[in-house]
Asks: 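Take this structure, written in structure tokens, and hold onto it; I'll ask about it next.
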Amino acid sequence: MDLSGKTALITGGAHRIGRGLALALARAGCNLILHYNRSADRAQATAEEARALGVQVILRRADLSRLDDPTPLFTNLPHDVAPVQILVNSAAIFPKDTLTDFTLDGWSQTLRINLRAPVLLTQAFARALPDDLQGAVVNITDWRTERPYRTHFTYTVSKGALDTFTRAAAIQLAPRIRVNAIALGAMLPPEGASEAYWQRVLATVPLARAGGTESAAHTLLYLLRNDFITGEIIRLTGGAHLNM
Ligand SMILES: NC(=O)c1ccc[n+]([C@@H]2O[C@H](COP(=O)([O-])OP(=O)(O)OC[C@H]3O[C@@H](n4cnc5c(N)ncnc54)[C@H](OP(=O)(O)O)[C@@H]3O)[C@@H](O)[C@H]2O)c1
């Protein structure tokens with residue numbers, strides 16, 4: 001897919017990894033529907049950075065835990081904006097819980113944001129995509145679905161289901177829409193994480209460093225541009241999965 005002039009919707013695009021992905025899309029010439037929830041100021045700042053690269057940016061606020069019908073995100077666009085052909089599901093939460101202590105509310109919140117929202121967004125995207133256009137979805141997931149955390153139970157289950165959804169959707173939406181995922185490793189320390197925690201995480205990475213946002217952005221553009229990849233989940237871990 002040639003990205004120049006395409007419209008891309010990215011969830012959680014205001015800051016951190018989502019911001020890096022959004023700016024990479026903008027550098028590749030994509031106009032953006034930049035979704036955010038609480039981070040209005042940071043979304044505005046990211047939008048300004050993207051606009052300075054010469055693309056159009058439309059900001060859209062939505063709480064994904066309450067989003068029952070995402071259709072307007074795809075259909076309610078200014079007339080001079082092309083239909084959305086790229087969907088990047090990056091927004092997620094990373095709560096600390098275990099099988100024995102999670103609550104029903106916590107389970108519901110994690111599954112709603114990390115799984116239900118990407119599924120409903122993909123459905124709305126596929127329904128809204130005009131018949132004569134190709135589309136691509138990239139889900140941001142986590143390689144730790146293969147080696148589950150002890151401490152992030154509902155998150156791990158939600159991302160594992162997102163992996164399965166990626167493959168199921170790739171079959172269902174072929175040949176017009178490709179669906180892939182990037183299974184991230186240690187890219188950025190979780191907000192509020194201690195330096196000691198982060199050093200312990202990095203000690204498990206054979207390449208001995210964090211991935212940062214640029215390597216995630218590079219992989220996103222690769223998956224979007226390569227028209228023969230679908231149903232693929234690329235691990236981006238610095239080799240951490242080899243320690244399994
Ligand atoms: N950081 C890493 O090293 C790492 C590792 C593995 C996987 N990942 C995955 O990579 C993606 C981005 O990670 P990150 O560390 O940059 O995430 P983050 O800093 O925790 O940011 C979470 C994002 O999700 C959005 N979000 C959270 N709750 C929401 C809700 N109810 N409605 C709408 N949006 C909501 C936030 O938007 P607002 O701030 O606007 O509310 C924010 O943009 C996630 O899918 C994460 O699981 C990250």
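Counting convention: from 1, in listed order, for ligands and their atoms alike. Computed from a prediction, not measured in an experiment: that's the story for all the values here.
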Asks: Counting C-beta onward and ignoring hydrogens, is there a side-chain heavy-atom pair between Glu191 and Arg16 closer than 4.5 Å?
Replies: yes
Asks: Considering Ile93, Thr46, Leu67, which one's heavy-atom position lies nearest to atom 28 (N) of ligand 1?
Replies: Ile93
Asks: Would you name the heavy atoms of Gln56 and Val81 that are closest together and state the gap between them?
Replies: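 Scanning both residues, the minimum pair turns out to be NE2-CG2, 3.7 Å.
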Asks: Need the ligand 1 atom indices (1-based, order shown) with element for anything under 4.0 Å from a heavy-atom of Leu64.
Replies: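 Counting atoms of ligand 1 from 1, those under 4.0 Å from Leu64 are 30 (C), 31 (N), 32 (N), 33 (C).
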Asks: Heavy-atom distance under 4.5 Å between the side chains of Gln134 and Arg178, does that happen here?
Replies: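 The answer is no; the side chains never approach within 4.5 Å.
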Asks: Measure from the side-chain N and O atoms of His35 to the backbone N and O of Arg60, and report whether any donor-acceptor pair falls under 3.5 Å.
Replies: no
Asks: When you compare the side chain of Tyr197 with that of Pro190, does any pair of heavy atoms fall below 4.5 Å?
Replies: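 The answer is yes, as the side chains (C-beta and beyond) meet within the 4.5 Å cut-off.
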Asks: Quick one: does ligand 1 sit under 4.0 Å from the side chain of Tyr155, the backbone, both or neither, non-hydrogen atoms only?
Replies: side chain
Asks: Show me which atoms of ligand 1 lie under 4.0 Å from any heavy atom of His35.
Replies: 33 (C), 34 (N)
Asks: Spell out, as yes or no, whether a donor-acceptor pair under 3.5 Å connects the side chain of Asp97 to the backbone of Thr154.
Replies: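 It does hold such a pair.
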Asks: Scan side-chain atoms only and decide if Asp163 and Thr145 contain a donor-acceptor pair under the 3.5 Å cut-off.
Replies: yes
Asks: Can you report which non-hydrogen protein atom sits closest to atom 1 (N) of ligand 1, along with the distance?
Replies: Leu188 O, 3.3 Å
Asks: Counting only heavy atoms closer than 4.0 Å, does ligand 1 sit against the backbone of Ile113, its side chain, both, or neither?
Replies: side chain
Asks: Please work out which of the three classes, parallel, tilted or perpendicular, describes the rings of Phe102 and Phe153, given edges at 30° and 60°.
Replies: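 Judged by the thresholds at 30° and 60°, the geometry between Phe153 and Phe102 is parallel.
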Asks: Report the nearest protein non-hydrogen atom to atom 19 (O) of ligand 1: residue, atom name, distance rounded to 0.1 Å.
Replies: Arg16 NE, 2.5 Å
Asks: Any idea which part of Ile140 is under 4.0 Å from ligand 1, heavy-atom wise: side chain, backbone, both or neither?
Replies: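 The part of Ile140 near ligand 1 is both the backbone and the side chain.
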Asks: Show the atoms of ligand 1 that are less than 4.0 angstrom away from any heavy atom in Gly185.
Replies: 3 (O), 4 (C), 5 (C), 6 (C)
Asks: Is it the side chain (CB and beyond), the backbone, both or neither of Arg144 that lies under 4.0 Å from ligand 1, heavy atoms counted?
Replies: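 For Arg144, no heavy atom sits under 4.0 Å from ligand 1.
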Asks: For ligand 1, does Arg42 get within less than 4.0 Å through its side chain, its backbone, both, or neither, judged by non-hydrogen atoms?
Replies: neither
Asks: Closest non-hydrogen protein atom to atom 36 (C) of ligand 1, residue and atom name please, with distance?
Replies: His15 NE2, 4.4 Å
Asks: At under 4.0 Å between heavy atoms, is it the side chain or the backbone of Thr11 that contacts ligand 1, or both, or neither?
Replies: neither
Asks: Which of the atoms of ligand 1 are close to Tyr36, meaning less than 4.0 Å from one of its heavy atoms?
Replies: 40 (O)
Asks: As an exercise, identify every atom of ligand 1 less than 4.0 angstrom from a heavy atom of Asp63.
Replies: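 Once the distances to Asp63 are compared, the set is 30 (C), 31 (N), 32 (N).
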Asks: In the structure I gave you, are the side-chain heavy atoms of Asn139 and Asn180 within less than 4.5 Å of one another anywhere?
Replies: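 No. Closest side-chain heavy atoms not under 4.5 Å.
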Asks: Looking at Arg235 and Glu146, is there a salt bridge between them, counting it only when a charged N and a carboxylate O are closer than 4.0 Å?
Replies: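 Salt bridge flag = yes for Arg235 with Glu146.
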Asks: In terms of atom number and element, which parts of ligand 1 are under 4.0 angstrom from non-hydrogen atoms of Ala62?
Replies: 32 (N), 33 (C)
Asks: If you have a sec, work out which protein heavy atom is nearest atom 11 (C) of ligand 1 and how many Å separate them, to one decimal?
Replies: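 Protein heavy atom with the smallest distance to atom 11 (C) of ligand 1: Ser90 O, 3.3 Å.
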Asks: Between Glu48 and Arg42, does at least one N-O distance fall below 4.0 Å, as a salt bridge requires?
Replies: no
Asks: Applying a 4.0 Å heavy-atom criterion (strictly less than), which segment of Ala40 is in contact with ligand 1: side chain, backbone, both, or neither?
Replies: neither
